[in-house]
Amino acid sequence: GAVVSQHPSWVICKSGTSVKIECRSLDFQATTMFWYRQFPKQSLMLMATSNEGSKATYEQGVEKDKFLINHASLTLSTLTVTSAHPEDSSFYICSARGRVREKLFFGSGTQLSVL
Amino acid sequence: KNEVEQSPQNLTAQEGEFITINCSYSVGISALHWLQQHPGGGIVSLFMLSSGKKKHGRLIATINIQEKHSSLHITASHPRDSAVYICAVRAGGGADGLTFGKGTHLIIQP
């Protein structure tokens, strides 16, 4: 089956620094990528949807200037958490969808801890 | 906004038992996904349903659009089925993003 690679798996950073998370589709063209956040014992929450070559669409309450999403190619999307703060500590996970809308593939997730 | 409710929240069963996890949602949808999340966080998509029933191995998923309800069944459960099972719905009208339930934490004991 299709594979979505997400890196890094975990990252610890100091408050005020920026962190970039990559999501790659390895064997298909991801026309749409989704970024989610999950706090402990909570549901996954959609942060933003990005289509290749266009600006991401952010969900209500998600700051687009803080969570920068770039989807420059059909195989790569990045999420940059800018000026991270401890409250940004969370599990971030991406998913990718190809031209066949039925199929949705998830990355392995990134655990972010901001000290 | 769609409200997605799953039950039970936690389920512990013995190996071999038949497992049922339920999902209800409040607003009409275009599709419903069942996902499996293992410790460490990785997520696998098990099914996408818009009507009827789907079967894959020991897993069966059903959906009743009129009642806004879906069930995930596991037959002959095994300890390796232990995971969090998540129901997620996609709204109609061409919307892309999913709304997730809180998940059902399943433990199958040998």
Next on the checklist: Can you tell me which portion of Q6(B) sits under 4.5 Å from chain A's heavy atoms? Options are side chain, backbone, both or neither.
Outcome noted: neither
Checklist entry - Can you tell me if NZ on K55(A) sees more than 12 non-hydrogen neighbours from other groups inside 6.0 Å? => result no
Item to check | Part of Q38(A) lying under 4.5 Å from any heavy atom of chain B | outcome: side chain
Next on the checklist: With clusters defined by side-chain heavy atoms of hydrophobic residues (ILVMFWY) lying less than 4.5 Å apart, directly or transitively, does W34(B) cluster with I19(B)?
Outcome noted: yes
Item to check | Stepwise side-chain contact (heavy atoms from CB on, under 4.5 Å) check, F105(A) with V44(B) | outcome: CA-CA 7 Å; F105(A) 303 97; V44(B) 173; over 6 Å; no
Checklist entry - Quick one: CD on Q37(B) to CZ on F91(A), what's the gap to the nearest 0.5 Å? => result 6.0 Å
Item to check | Gap between atom CD1 of I43(B) and atom OG of S95(A) - 0.5 Å precision | outcome: 8.5 Å
Next on the checklist: Apply side-chain contact (heavy atoms from CB on, under 4.5 Å) to residues K41(A) and K102(B) and explain how you reach the verdict.
Outcome noted: CA-CA 8 Å; K41(A) 299 193 184 301; K102(B) 287 189 176 180; over 6 Å; no
Item to check | Neighbour count above 12 (heavy atom, 6.0 Å) for Q9(B) CD | outcome: no
Checklist entry - How is the hydrophobic cluster of I60(B) composed, in terms of its other members, when Ile, Leu, Val, Met, Phe, Trp and Tyr link through side-chain heavy atoms under 4.5 Å apart, directly or indirectly? => result none
Next on the checklist: Quick check on E67(B): does its CD atom have over 12 non-hydrogen neighbours (other residues, nucleotides or ligands) under 6.0 Å away?
Outcome noted: no
Checklist entry - Do L49(B) and V89(B) share a hydrophobic cluster (ILVMFWY, side-chain heavy atoms under 4.5 Å, transitive)? => result yes
Next on the checklist: Given L98(B), which partner from the list L104(A), T49(A), L44(A) fulfils the side chain to side chain contact (heavy atoms under 4.5 Å, CB included) test?
Outcome noted: L104(A)
